[in-house]
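Quick notes on the structure that follows.
Order of listing sets the numbers, starting from 1, for every ligand and every atom in it. Index from 1, following the sequence. Since this is a predicted model, take the numbers as computed values, not measurements.
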Amino acid sequence: MFLRLLAMTTLLAASALTNAQVTTPPPEAALPKVGVASPDGNLSVEVTTDKDGRPSYAVLRDGKAVITPSRLGFLFIDAPKFERNFAIAGHKTRSFDETWEQPWGERRSIRNHYNELRVTLTEKTALKRSLDVVFRVYDDGLGFRYEFPDQAALKLVKIGEELTEFNIAEAATAWWIPAGEWNREEYLYHRTPLQEVGYAQTPFTLRTENGLHISIHEAALVDYSGMNLTRVENRKLRATLTDGIGDGKVVRSAPFNTPWRTLQLSDDAGGLVTSSLILNLNEPNKLGDVSWIKPMKYVGVWWEMHLDKKTWASGPKHGATNENVIKHIDFAAKHGLGGVLVEGWNVGWDGDWFGNGEDFSFTQPYPDFDIEKLAAYAKSKNVRLIGHHETSGNAAHYESQMGAGFDLYQRLGIDAVKTGYVADAGQAKVIGTDGKLHYAWHEGQDMARHHLKVVTEAAKRHIAVNAHEPIKDTGLRRTYPNWISREGARGMEFSAWGEPGNPPEHEANLVFTRLLAGPMDYTPGIFGMKTRAPDGVATTWAKQLALYVVIYSPIQMAADLLENYEANPKPFKFIEDVPVDWEDTRVLNGEVGDYVTIVRKDRHSDNWYLGSISDEEGRELKAPLSFLDPGRTYTAQIYRDGEKADWKRAPQDIVIEERKVTSADTLTLRLAPGGGQAIRFVAQ
Ligand code: NOJ
Ligand code: CA
């Protein structure tokens, strides 16, 4: 394969980058520049150092700048910074093309096709320290990371700040949530001009004036602090690492690599959703045979607590009683759902549990919850209990009992656990390398380590993990496929009690922001729209059903009270039918924060599913069915908003109907304000 590689010793006109032969004369003093282009040649990166030896990178797409020169580097707390006096001491390129299979996922097979450029930067000063920056350029974006080599002058690396910049070439609209605030990732999305961004979390989404969609995020966040973005000036964003617990924001011994800094690029919003760049930049599965990980739907002793009909704490309203759990197991068995989550089963919920995790036991059930009997009963009905470990952010206390907690679950055949880290940001607790208890950020290096400890300890016992109030998703499910889902945004619970709850545009924002990072345990499927939140659940019923297709997760909850499903078997049928593991995924249309239509093919049948959602606007969307097998007839089981449907006035107005369709048809989807549509295409 022809690798379009540039190794230049002269400053080049940007447009020359896709040509290996460059003739442009140097317009000023010669500066070194190296680059590489994507396999299709449309995207390229160039790396240079300026006259002061400051390294920078720039990104071009179709010959136009996307990222103008943006600096690279680090501050250290005990050594001179890595930022100037560098020379490009060498560079190497290679190309890679492989197709791999996801054990579960939004599609079965993924092509990992990139051209790589490795640039070695060495200081021209007496210290002569060096650093590699590695770029992987794909057709749909790029990732780059720093690799700290083993070297005498920099052994123990104490990073004060990462200086990576993203200098956005064009004016743009940004969708973002604030970083460093008390409620972690649980904020409503802002839509502002790029120039009005402050301190933001990733994934961070932009649409430029010319319609280019950009997502900035990171991949493989391992033993490092999460990256946020600070707008420094104009359209320049700079990496700002989450604080550590002591010396520096990150402390590592060389050699080590940072996570990948990622840029996904697409002409349409949907291209961000179908990009596999984040997964591709993660290491392959390290767990070996993972056939024990089972995607599934589940119900739970859960929503009733969020509505304050039951309590986590013991007492007259205790939710996790034998009787209530048996009711849920029977319901799951009857409707073919795989699991029953039970929260409030263990001792520790009776005081003020918020942020006080030391009260929790992970092995001792409340007396009205007979864990042995219930686990056996569930098994007899072909249903699994899903465990729950709320830690209140006290990772230190959790780690002291985690092994015993997982052993108990393994013995009882409980092969999935939901963890929780409810504590204000900056109030998680970890034991530092000094052996002392420290307050920590949920996305700092110590919590990154903690989460991987949980996931690997769970994997040893064949337990899957779904973390709430987690560290952000950076695609580590590829390496550790038992990390099946997580929260990490405002979930449905905000529609139970939030002030405000989730507005109608929330999910249309999530699809193009948080969900680009990976699966979310959003917990859809609510039919009881009046809740403790002032506006209740701000969607129609048809939209609740569509969310099972639109929001990808290998575990999906049927989150409502069982009585609401028992009273409404017809719309519930879609929840019974919809799969959670997919052969393929496509986005038919979508605009960030406004609407989206996604189709997915079941991994275990020839059936396809469609989910379409709108924000507060009613709209009509065209859905060409060309994804269906040509020449085949399908029965489309349609769950659509009725004539009067409206999230505020008539959320229950749903029409359920059937028609025959083929791949030659185009459907018109009429979505109500706050509405949606779900369709099951059954192959004949
Ligand atoms: C917050 C979680 O998101 C929610 O699902 C859970 O019920 C509570 N914490 C209690 O653990
Ligand atoms: Ca909107």
Look at [atom] and say which protein heavy atom is nearest, naming residue and atom and giving the distance to 0.1 Å.
{"atom": "atom 7 (O) of ligand 1", "answer": "E343 OE1, 2.5 Å"}
{"atom": "atom 11 (O) of ligand 1", "answer": "E390 OE1, 2.6 Å"}
{"atom": "atom 1 (C) of ligand 1", "answer": "E469 OE2, 3.0 Å"}
{"atom": "atom 5 (O) of ligand 1", "answer": "K418 NZ, 2.6 Å"}
{"atom": "atom 9 (N) of ligand 1", "answer": "V422 CG2, 3.3 Å"}

| For M305, is the nearest heavy atom under 4.0 Å from an atom of ligand 1? | no
| Can you find a non-hydrogen atom of Y421 under 4.0 Å from ligand 1? |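 Contact check Y421 vs ligand 1: negative.
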For [X] and [Y], I'd like to know if the aromatic rings sit close, meaning centre-to-centre distance below 6.0 Å.
{"X": "W175", "Y": "F204", "answer": "no"}
{"X": "F527", "Y": "Y565", "answer": "yes"}
{"X": "Y366", "Y": "F360", "answer": "no"}

May I ask you to list the atoms of ligand 1 that are less than 4.0 angstrom from any heavy atom of [X]?
{"X": "W349", "result": "10 (C), 11 (O)"}
{"X": "W302", "result": "4 (C), 5 (O), 6 (C), 7 (O)"}
{"X": "H388", "result": "11 (O)"}
{"X": "E487", "result": "3 (O)"}

| said: Given 3.5 Å as the limit, does a donor-acceptor pair link the side chain of K294 with the main chain of S291, or not? | reply: yes
| query | What do you reckon, does E493 have a nitrogen or oxygen under 3.5 Å from a nitrogen or oxygen of ligand 1? | reply | yes
| message | Would H468 count as a polar contact of ligand 1, with the cut-off being nitrogen or oxygen pairs under 3.5 Å? | response | yes
Checking [Y] against [X]: is there a side-chain donor and acceptor pair closer than 3.5 Å?
{"X": "H335", "Y": "E576", "result": "yes"}
{"X": "W345", "Y": "H388", "result": "no"}
{"X": "T597", "Y": "S612", "result": "yes"}

Name each donor-acceptor pair under 3.5 Å that joins a side chain in residues 418-429 to protein atoms two or more places apart or in another chain, with its distance.
| unit_1 | atom_1 | unit_2 | atom_2 | d |
| --- | --- | --- | --- | --- |
| K418 | NZ | E343 | OE2 | 2.7 |
| Y421 | OH | H450 | NE2 | 2.7 |
| K429 | NZ | G355 | O | 3.3 |

| R514 and E185 ion-paired at < 4.0 Å | no
